[in-house]
Amino acid sequence: MLPKYQISNLISSPHPQTNLNLCGFSALFTTAITTTNTPASPDSPLTSELPDIPSWVSKQNPGTQNSWDDDFVIPSLATWIQNHHKVSHFPIKTPETQVDKLTKILKTPYPSPEKVVQVLNASHLTVSHVLVEQLLKRFANSWVSVYGIFIWAKTQTGYRHTPELYNLMVDVLGKAKLFDLMLDTVKEMKQFKGYIGLDTILKVMRRFANARRFSEAIEVFRRVDEYGVEKDVMALNGLLDALVKGDGVEHAYEAFVELKESVPLNSSSFNILVHGFCKARRLSDARKILDEMVEYGFKPCVVSYACFIEAYCREKDFRNVDAILDEMKENECRPNVVTYTIIMHARGKAGEVGKALEVYEMMKNDGCLPDASFYSSLVFFLSKAGRLEYADEIFEDMVKQGVKPNALTYTTMISSACRHSLEEKALKLLKRMEEDSCKPDISTYAPLLKMCCRKKRMKVLNFLLSHMLNNDVSMDCSTYTLLVRGLCNSGKIEQAFAFFEEMVLKGMRPRDSICKMLVEKLEKEGMTEAKQKIQELVPNEKEPERT
């Protein structure tokens, strides 16, 4: 760990105010609910390099040339970027692999899944489970492409989707709020023995709950035995967890009351509700659940108390945080690394860097070993406070302590470097992440993309988008929005429009503010055809007011 004298130096020096985001708490319940997660958070994700700019757009500015910034690559990274396998929109060379060929085909937005099937049939390519899985992940946020791939593959001779691929398709359709298609896919799975498992049911319930269709999520659980899945505590906890994460703790409690007599409970059943009420700032109701937990014969555990600690931390009520720690000691319940991480992060968020580092010392004194999430939090608030040297030391120290940096740790370091415009450092961290076989997700790329837009590094931006595609990270609406906004602000209006068009054609609804920004920029540049095209793509977009 970081030497004690260095911690003391940090604590004793003045600390500027910081503005940190408190880490989420849902990971505490992963031991209660076992699922097979799709990569990158199901709600997150990327598709492509800069798309081809339509000729009718580019012809409006024939004199436009790339600036020096566009093509600039930091020399120390030039070889890595140059040698990186690229899946490009531009017809530089024929793709070498089947997945590259299909990716190139699928980058074009299609009006329907049937059209995707038609195009893929004309490709005369062979299908495999690995190929389908990779394509489903790459285009996870474009349901038309994904569903077209799915239909095409199952019509190929000698091929049948695995249960895992069906589950992935169910999740994508649920995320797109295509619930009829989602349920049809589950019904199709029933034809194959053993295809529907708890993973499938959890995905369906979670997607209904995320859409605030709570009654339908509960109904899925009531009928779970029709799908050949046991109506046990694991399934019940999955339902409660989905309802709580969908901000439906009241519905979770009603389901709990209805089902607790027919399904045996465990401590996690109560902890999920405690978490839900704490999240909703209804601490008195959370206490009642804790009392009911004791009546059922379950002793409150570190997870139970951590729910209250997180709630008080969110309010910066550290007096009550200390009171909960005292209560834990009285009940012989030792804090764990998650408990300490929550408190330390909250202190950092409150600008109390010294107090946050005292939590670090307290944890060491309790013999509790830090994990990657703890180190990530420590690095995060030190970076936000401008203590980059110490953040770097801790990042290197965690490796010496035998704790391998995970995606969150790397993302935290990359985000910090981008925030301080340390371009070389940020890209070298991504390269090191690749060398460590640590897979990035959409949150890893977002600050890098934003930095490239700000610095007008178009060649590096192309590289990053290709890098994302090779890591099967699918671009979501938030990422398109980031690119459109960033490119507009940097004067790259043509590229901003190309991303905007691709976003809309993939069925994503842009924010009104983004439409307005782009229309105003296009009008200012005299690009009237492009402006009219936006108004065709988004018919409700109004003309900007003239003053």
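Positions are given from 1 along the sequence. Please read these numbers as outputs of a predicted model, since none were measured by experiment.
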Shortest non-hydrogen pair, L518 vs C488, comes out as CD1-SG, 3.5 Å
Rounding to 0.5 Å, atoms NZ (K455) and SG (C452) come to a distance of 9.5 Å
inquiry  = If we count only N and O atoms by modelled type, under 3.5 Å, do the side chains of R511 and T481 hold a donor and an acceptor together?
reply    = no
- prompt: Can any side-chain N or O of S466 pair as donor or acceptor with the backbone N or O of N462 at less than 3.5 Å?
  reply: no
Student check: side-chain heavy atoms of V146 and V116 closer than 4.5 Å = no
* What do the steps show when you test F497 against E501 for side chain to side chain contact (heavy atoms under 4.5 Å, CB included), and what is the final call? -> CA-CA 6 Å; F497 172 78; E501 183 180 37; 4.0 Å; yes
So SG of C453 and CG of N489: to nearest 0.5 Å the spacing works out to 9.0 Å
### Task
Please assess F500 against E502 for the test side chain to side chain contact (heavy atoms under 4.5 Å, CB included), listing each intermediate value before the final yes or no.
CA-CA 5 Å; F500 180 91; E502 185 175 306; over 6 Å; no
Look at the aromatic rings of F150 and Y166 and report parallel, tilted or perpendicular, splitting at 30° and 60°. perpendicular
In terms of heavy-atom contacts, V132 and A153 come closest through CG2-CB, 3.7 Å
Give a yes or no on whether a salt bridge exists between K516 and D512, defined as a side-chain N under 4.0 angstrom from a carboxylate O. no
For D476 and T479, run side chain to side chain donor-acceptor pair (under 3.5 Å): C-alpha distance rounded to whole Å, both residues' side-chain angles, the deciding distance at 0.1 Å, then the answer.
-> CA-CA 5 Å; D476 61 3; T479 312; 2.6 Å; yes
Without swapping roles, check the side chain of Q156 against the backbone of W152 for a donor-acceptor pair under 3.5 Å. yes
Item to check | Any R206 side-chain heavy atom under 4.5 Å of K245 side chain | outcome: no
- Is NZ or CZ of K190 both nearer than 6.0 Å to the six-membered ring centre of Y195 and within 45° of the ring axis? no
Exercise. Using a 4.5 Å cut-off on heavy atoms from C-beta on, say whether the side chain of Y410 contacts that of P440.
Key: no
| query | Without hydrogens or angle criteria, can the side chains of N210 and K177 be said to hold a donor-acceptor pair below 3.5 Å? | reply | no
- prompt: Judged by atom type as modelled, is there a donor-acceptor pair below 3.5 Å linking the side chain of K506 to the main-chain atoms of P109?
  reply: no
- Query: Side-chain donor-acceptor pair under 3.5 Å between H275 and N271, yes or no?
  - Reply: no
Contacts of S123 meeting side chain to side chain contact (heavy atoms under 4.5 Å, CB included) (sequence neighbours excluded), chain-then-number -> L102, I105, L125
Whether K231 side chain and R222 backbone form a donor-acceptor pair below 3.5 Å | yes
Applying side chain to side chain contact (heavy atoms under 4.5 Å, CB included) to S416 and not counting sequence neighbours gives S383, L388, R419, H420
Note: A211 and F179 closest approach over all heavy atoms is CB-CZ, 3.6 Å
- Task: Could you walk me through whether E133 and T162 pass side chain to side chain contact (heavy atoms under 4.5 Å, CB included), step by step?
- Result: CA-CA 10 Å; E133 181 181 10; T162 63; over 6 Å; no
- Does T444 reach the main-chain N or O of D441 with its side chain, forming a donor-acceptor pair under 3.5 Å? yes
Checklist entry - Is there side-chain contact between M433 and T409, with heavy atoms separated by less than 4.5 Å? => result no
- Task: State plainly whether the residues K533 and E529 are in salt-bridge range, i.e. N to O under 4.0 Å.
- Result: no
Q. Hey, does L183 have a side-chain heavy atom less than 4.5 Å from the side chain of F208?
A. yes
_Does atom NZ (K154) have a neighbourhood of more than 12 heavy atoms from anything else shown, all under 6.0 Å?_
yes
Taken to the nearest 0.5 Å, the spacing of R138 CZ from I149 CD1 works out to 10.5 Å
Q. Are the side chains of L461 and L483 in touch, meaning some heavy atoms are under 4.5 Å apart?
A. yes
Between H161 and I151 (side chain of the first, backbone of the second, donor and acceptor by atom type, cut-off under 3.5 Å), is there such a pair? no
Heavy-atom closest pair (L448 atom, A426 atom, distance to 0.1 Å) is CD2-CB, 3.7 Å
Kindly indicate whether the side chain of M503, heavy atoms from C-beta on, has any atom under 4.5 Å from the side chain of F499.
no
Practice problem: For S415 and T412, indicate whether the former's side chain and the latter's backbone hold a donor-acceptor pair under 3.5 Å. | Solution: no
Value for CG (L165) from NE2 (H129), rounded to nearest 0.5 Å, stands at 6.5 Å
So CD1 of I534 and CD of E523: to nearest 0.5 Å the spacing works out to 11.0 Å
Value for CG (L173) from CE (M182), rounded to nearest 0.5 Å, stands at 8.0 Å
*asked:* Between K279 and D247 (salt bridge meaning N to carboxylate O under 4.0 Å), is one present in this structure?
replied: yes
Correct closest heavy-atom pair for S376 and N406 would be OG-OD1, 4.0 Å
The side chain to side chain contact (heavy atoms under 4.5 Å, CB included) partner of V220 among V229, V204, L202, L239 is V204
Q | Test log, rule side chain to side chain contact (heavy atoms under 4.5 Å, CB included), inputs Y227 and T200 | A | CA-CA 10 Å; Y227 298 103; T200 315; over 6 Å; no
- So W143 and Y147, would you call those rings parallel, tilted or perpendicular, with 30° and 60° as cut-offs? tilted
Q. Has the side chain of D171 got a donor or acceptor atom that lies under 3.5 Å from a matching backbone atom of N167?
A. no
- Message: What I'd like to find out is whether the side chain of H467 reaches to under 4.5 Å of the side chain of Y445, using heavy atoms alone.
- Response: yes
query = Is the side chain of D241 donor-acceptor paired with the backbone N or O of V244 at a distance under 3.5 Å, no angle test?
reply = no
Please check if the side chain of D232 supplies one atom and the backbone of M234 the other of a donor-acceptor pair under 3.5 Å. yes
Residue set satisfying salt bridge (Lys or Arg N to Asp or Glu O under 4.0 Å) with R213, at least two apart, ordered chain then number -> E216
Do the side chains of K431 and E435 get close enough for a salt bridge, i.e. N-O under 4.0 angstrom?
yes
Using a distance-only test with no angle check, is there a side-chain donor-acceptor pair under 3.5 angstrom linking N266 and S269? yes
A255 and L243 have their tightest heavy-atom pair at CB-CD1, 4.4 Å
